[in-house]
*Asks:* 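Pasting a structure below so you can have a look.
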Amino acid sequence: MRKSKIIKTQGEHKCKANNGRRAFLFFTFFVLLGFISFIVFRMSHQAEKQNGINDEIAKLQIQANKLEGENQDLKEMIDYLKTDDFREKEAKDKLNLIKEGEQMILVKEDSLNSEIISEKKTKETELIVHRGNYYYWWHYFFSIK
């Protein structure tokens with residue numbers, strides 16, 4: 001009997017060792033599963049952040065290209081405004097200045113409108129002799145319309 005008792009106690013001891021080993025493997029499996037899940041979650045979160053950053057970069061790049069185009073247009077406008085042709089045109093249009101040797105001709109709008117309506121074949125224009133700038137400025141500010 002003694003031999004059978006020893007065999008039974010060794011079998012019970014083996015069973016307890018297997019249960020402990022199974023519990024350890026089960027616990028290790030869940031720890032590793034939790035760790036891998038955490039890593040996957042963090043990686044997906046980082047990928048989502050990266051996609052948002054890439055979208056923002058694309059929007060800013062489009063805006064930068066638009067601003068560069070506007071900047072180029074403004075540089076061209078500045079270059080044009082620095083030319084003598086622009087200065088001459090503005091002096092003629094806004095200040096009623098003329099170059100030496102040129103004559104100023106003013107056309108009355110009333111005569112043009114009546115000419116269009118009545119379809120006259122003769123055109124009426126008035127030739128006005130150039131007067132000093134003071135005259136035009138005086139009429140610009142003080143003429144009653």
*Asks:* Do the side chains of Asp79 and Lys82 get close enough for a salt bridge, i.e. N-O under 4.0 angstrom?
*Replies:*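 A salt bridge is absent here (no side-chain N lies under 4.0 Å from a carboxylate O).
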
*Asks:* Hey, could you give me the CG/CD distance between Asp55 and Gln50, rounded to the nearest 0.5 Å?
*Replies:*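 With rounding to 0.5 Å, CG (Asp55) is 10.5 Å from CD (Gln50).
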
*Asks:* Of Phe24, Phe29, Phe30, which meets ring pair (Phe, Tyr, Trp, His ring centres under 6.0 Å) against Phe26?
*Replies:*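 Of the listed options, the one satisfying the test is Phe30.
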
*Asks:* Let me confirm one number: the OG1-CZ distance from Thr83 to Arg87, rounded to the nearest 0.5 Å.
*Replies:*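 Answer rounded to 0.5 Å: 7.5 Å.
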
*Asks:* Within the distance-only criterion (no hydrogens, no angle test), does the side chain of Glu102 pair as donor or acceptor with the backbone N or O of Lys99 below 3.5 angstrom?
*Replies:*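 Yes; at least one donor-acceptor contact below 3.5 Å.
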
*Asks:* Hey, could you give me the CZ/CD distance between Phe41 and Gln46, rounded to the nearest 0.5 Å?
*Replies:*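 Reported to 0.5 Å precision, the distance equals 10.5 Å.
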
*Asks:* With sequence neighbours excluded, tell me which residues meet salt bridge (Lys or Arg N to Asp or Glu O under 4.0 Å) with Lys75.
*Replies:*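 For Lys75 there are no salt bridge (Lys or Arg N to Asp or Glu O under 4.0 Å) partners, ignoring immediate neighbours.
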
*Asks:* Angle between ring planes, Trp137 versus Tyr140, binned at 30° and 60°: parallel, tilted or perpendicular?
*Replies:*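 The rings of Trp137 and Tyr140 stand perpendicular, inter-plane angle above 60°.
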
*Asks:* Rounded to the nearest 0.5 Å, how far apart are CG of Asp84 and NZ of Lys89?
*Replies:*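 Result: 15.0 Å between the selected atoms.
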
*Asks:* Would a single hydrophobic cluster contain both Met43 and Phe35, if residues Ile, Leu, Val, Met, Phe, Trp and Tyr are joined by side-chain heavy-atom contacts under 4.5 Å?
*Replies:*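 Looking at the clustering, Met43 is in the same group as Phe35.
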
*Asks:* Does Leu95 belong to the same Ile/Leu/Val/Met/Phe/Trp/Tyr cluster as Trp138, with side-chain heavy atoms less than 4.5 Å apart forming each link?
*Replies:*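 Yes, because Leu95 and Trp138 connect within a single hydrophobic cluster, where side-chain heavy atoms sit under 4.5 Å apart.
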
*Asks:* Just verifying a value: how many Å separate Leu33 CG and Thr28 OG1, rounded to the nearest 0.5 Å?
*Replies:*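 Answer for the CG-OG1 pair, Leu33 versus Thr28, is 12.0 Å.
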
*Asks:* Using a 4.5 Å cut-off on heavy atoms from C-beta on, say whether the side chain of Glu56 contacts that of Leu60.
*Replies:*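 In contact.
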
*Asks:* State the CG-CG distance between Leu32 and Leu25, to the nearest 0.5 angstrom.
*Replies:*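 Reported value, rounded in 0.5 Å steps: 10.5 Å.
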
*Asks:* Leu67 and Ile57: same hydrophobic cluster, using ILVMFWY side-chain contacts below 4.5 Å?
*Replies:*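 No, it is not one cluster - the side chains of Leu67 and Ile57 are not joined through contacts under 4.5 Å.
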
